[in-house]
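Predicted model, so just to flag it, every value in this text is computed and none were measured.
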Amino acid sequence: FTASQDPQQVTLTANDVAGSIDLSLVRSDPFLCDVVASTMTFGILPQRVANGEAFKLQPVVKAEDRGVVDVDFDDVIALSSDGKGRLKAEEVAAVDGVALFSNVVYEASFDHESVRLIVDDTLQGAEGDLPQSLSLPFVSEVTATHLLFLIMPSGIISGRPFLMQPVVVAVDSLGIIDSDFNGRISLATNASGQLLNTTLDARDGVARFVDVSYIASSGLENFVIQAD
């Protein structure tokens, strides 16, 4: 018998097959069928998340057997991931077979990282140790919040291209490059000299400048380069 809910009241009936003697149908006393969890499944899972931010759709995990929730399951459930980044998630005790997570955050190691969650229950839980379960993959999206000099210029001689050309990247608050950023980046200086070849369109979040040079207004000049 496979229950459709936990617990489920069941009554058995017995009847003879057609024959020369027709015996009357008989019913058993009602009894309860208990559901005991054999697996954990994700009831809710995001498809995309913002890198370093709490999931807008927080994971929900159910302890089930053949698709029916075990309402007696109250083990503590932990989340981890198979990604190269960092998952922040507190353990949650299931209530009536369901664990509702909150403030789960994933910090990706790169933009568009595909990640799967791993759910596991307490080893010595009341319902026994259930096997780990993997979620479907979701994607961590990086959205740039500021620019950063990945390589600073050096080897500067007035009027000549820098020996080390600047490289500017568009990154989020965690310093991860936003590979969808293809905006135009301009260099400027606070000095009185002239900065040349200062505009470039980023590609995949990276602007690799070439032939940037500075014409000084005096013999020995300190100056700052800004990216915008």
**Student:** When clusters are formed by joining ILVMFWY residues with side-chain heavy atoms under 4.5 Å apart, either directly or through shared neighbours, do Leu200 and Phe149 land in the same one?
**Tutor:** yes

**Student:** Compare every heavy atom of Val105 with every heavy atom of Gly52, then report the nearest pair and how far apart it is.
**Tutor:** C-CG1, 3.5 Å

**Student:** Quick one: pull up CZ in Phe138 and CD in Gln47 and give me the separation to the nearest 0.5 Å.
**Tutor:** 11.5 Å

**Student:** Answer yes or no: are there more than 12 heavy-atom neighbours, outside Asp201 itself, under 6.0 Å from its atom CG?
**Tutor:** yes

**Student:** Answer yes if Leu187 and Val206 sit in the same cluster of Ile, Leu, Val, Met, Phe, Trp and Tyr residues linked by side chain heavy atoms under 4.5 Å apart, and no otherwise.
**Tutor:** no

**Student:** Are the side chain of Gln132 and the backbone N or O of Ile118 linked by a donor-acceptor pair below 3.5 Å?
**Tutor:** no

**Student:** Taking all non-hydrogen atoms of both residues, which atom of Ile185 and which atom of Ala207 are closest, and how far apart?
**Tutor:** CD1-CB, 3.8 Å

**Student:** Using 0.5 Å steps for rounding, measure from the CG atom of Leu130 to the CD1 atom of Ile77.
**Tutor:** 8.0 Å

**Student:** Provide the closest heavy-atom pair for Met40 versus Ser133 in the form atom of the first, atom of the second, distance.
**Tutor:** O-OG, 2.8 Å

**Student:** What's the separation between atom CG in Leu150 and atom CD1 in Ile177, rounded to the nearest 0.5 Å?
**Tutor:** 6.0 Å

**Student:** Does Phe181 have any ring pair (Phe, Tyr, Trp, His ring centres under 6.0 Å) partners at least two apart in sequence or in another chain, and if so, which?
**Tutor:** none

**Student:** State whether the side chain of Asn182 and the backbone N or O of Asp204 hold a donor-acceptor pair below 3.5 Å, judged by distance alone.
**Tutor:** yes

**Student:** Run the side chain to side chain contact (heavy atoms under 4.5 Å, CB included) test on Asp121 and Phe73 for me, step by step, so that the C-alpha distance in whole Å, both residues' side-chain angles and the decisive distance to 0.1 Å come before the verdict.
**Tutor:** CA-CA 10 Å; Asp121 66 329; Phe73 184 92; 4.1 Å; yes

**Student:** Is it the case that the side chain of Ser213 and the backbone of Pro161 share a donor-acceptor pair, with hydrogens and angles ignored and the cut-off at 3.5 Å?
**Tutor:** no

**Student:** Judged by atom type as modelled, is there a donor-acceptor pair below 3.5 Å linking the side chain of Asp178 to the main-chain atoms of Ala170?
**Tutor:** no

**Student:** Is it the case that over 12 heavy atoms from other parts of the model lie below 6.0 angstrom from the CG atom of Asp228?
**Tutor:** no

**Student:** Looking just at side-chain N and O atoms, do Ser38 and Asp65 make a donor-acceptor pair shorter than 3.5 Å?
**Tutor:** yes

**Student:** Decide side chain to side chain donor-acceptor pair (under 3.5 Å) for Asn197 and Asp211; before the verdict, give the C-alpha distance in whole Å, the side-chain angles of both, and the deciding distance to 0.1 Å.
**Tutor:** CA-CA 6 Å; Asn197 300 317; Asp211 294 331; 5.3 Å; no

**Student:** For the side chain of Asp70 and the backbone of Gly97, is there at least one donor-acceptor N/O pair under 3.5 Å apart?
**Tutor:** no

**Student:** Evaluate Leu147 against Val169 for side chain to side chain contact (heavy atoms under 4.5 Å, CB included), listing each step before the verdict.
**Tutor:** CA-CA 6 Å; Leu147 300 176; Val169 291; over 6 Å; no

**Student:** Would you check if the side chain of Gln58 reaches a backbone N or O of Phe55 as a donor-acceptor pair within less than 3.5 Å?
**Tutor:** yes

**Student:** With rounding to the nearest 0.5 Å, note down the distance linking CD1 in Ile176 to OG1 in Thr143.
**Tutor:** 12.5 Å

**Student:** Are Ile156 and Val168 connected into the same hydrophobic cluster when the rule is that any two of I, L, V, M, F, W, Y join if their side-chain heavy atoms are below 4.5 Å apart?
**Tutor:** yes

**Student:** Is the shortest side-chain N to carboxylate O distance from Glu113 to Lys84 below 4.0 Å?
**Tutor:** no

**Student:** Using only atom types and a distance under 3.5 Å, with no angle test, would you say the side chain of Asp74 pairs donor to acceptor with the backbone of Val95?
**Tutor:** no

**Student:** Would you sort out whether His112 and Asp180 count as a side chain to side chain donor-acceptor pair (under 3.5 Å), showing the intermediate values?
**Tutor:** CA-CA 9 Å; His112 303 304; Asp180 296 317; 3.0 Å; yes

**Student:** Mind listing the closest non-hydrogen atom pair of Val92 and Leu100 along with its distance?
**Tutor:** CG1-O, 3.7 Å

**Student:** Check the side chains of Thr41 and Glu64 for a donor-acceptor pair under 3.5 angstrom, ignoring hydrogens and angles.
**Tutor:** yes

**Student:** Looking at Tyr106 and Val49, would you say the former's side chain and the latter's main chain have a donor-acceptor pair under 3.5 Å?
**Tutor:** no

**Student:** CG/Leu148 to OG1/Thr145 distance, rounded to the nearest 0.5 angstrom?
**Tutor:** 10.0 Å

**Student:** What about Met152 and Leu195, same hydrophobic cluster or not, with Ile/Leu/Val/Met/Phe/Trp/Tyr joined at side-chain heavy-atom distances under 4.5 Å?
**Tutor:** yes

**Student:** Between Pro153 and Ile225, is any pair of side-chain heavy atoms under 4.5 Å apart?
**Tutor:** yes

**Student:** Within a strict 4.5 Å, meaning less than it, do heavy atoms of the Leu79 and Leu87 side chains meet?
**Tutor:** yes

**Student:** Quick one: ring pair (Phe, Tyr, Trp, His ring centres under 6.0 Å) partners of Tyr214, sequence neighbours excluded?
**Tutor:** Phe223

**Student:** Under 4.5 Å between any side-chain heavy atoms of Pro59 and Leu117, yes or no?
**Tutor:** yes

**Student:** Is it true that a side-chain atom of Asp111 and a backbone atom of Val142 form a donor plus acceptor pair closer than 3.5 Å?
**Tutor:** yes

**Student:** Which heavy-atom pair separates Thr198 from Phe209 by the least distance, and what is that distance?
**Tutor:** O-CE2, 3.4 Å

**Student:** Mind checking whether Val171 and Leu174 sit in one hydrophobic cluster, side chains of I, L, V, M, F, W, Y counted as touching below 4.5 Å?
**Tutor:** no

**Student:** Step by step, would you call Arg184 with Thr199 a side chain to side chain contact (heavy atoms under 4.5 Å, CB included)?
**Tutor:** CA-CA 7 Å; Arg184 179 159 295 184; Thr199 301; 3.3 Å; yes

**Student:** How long is the span from the CD atom in Gln194 to the OG1 atom in Thr189, to the nearest 0.5 Å?
**Tutor:** 11.5 Å

**Student:** If you compare all heavy atoms of Leu45 against all heavy atoms of Leu136, which two are closest, and at what distance to 0.1 Å?
**Tutor:** CD2-O, 3.3 Å

**Student:** Is there a side chain to side chain contact (heavy atoms under 4.5 Å, CB included) between Glu107 and Lys88 once you walk through the steps?
**Tutor:** CA-CA 8 Å; Glu107 297 178 353; Lys88 295 181 179 180; 3.0 Å; yes

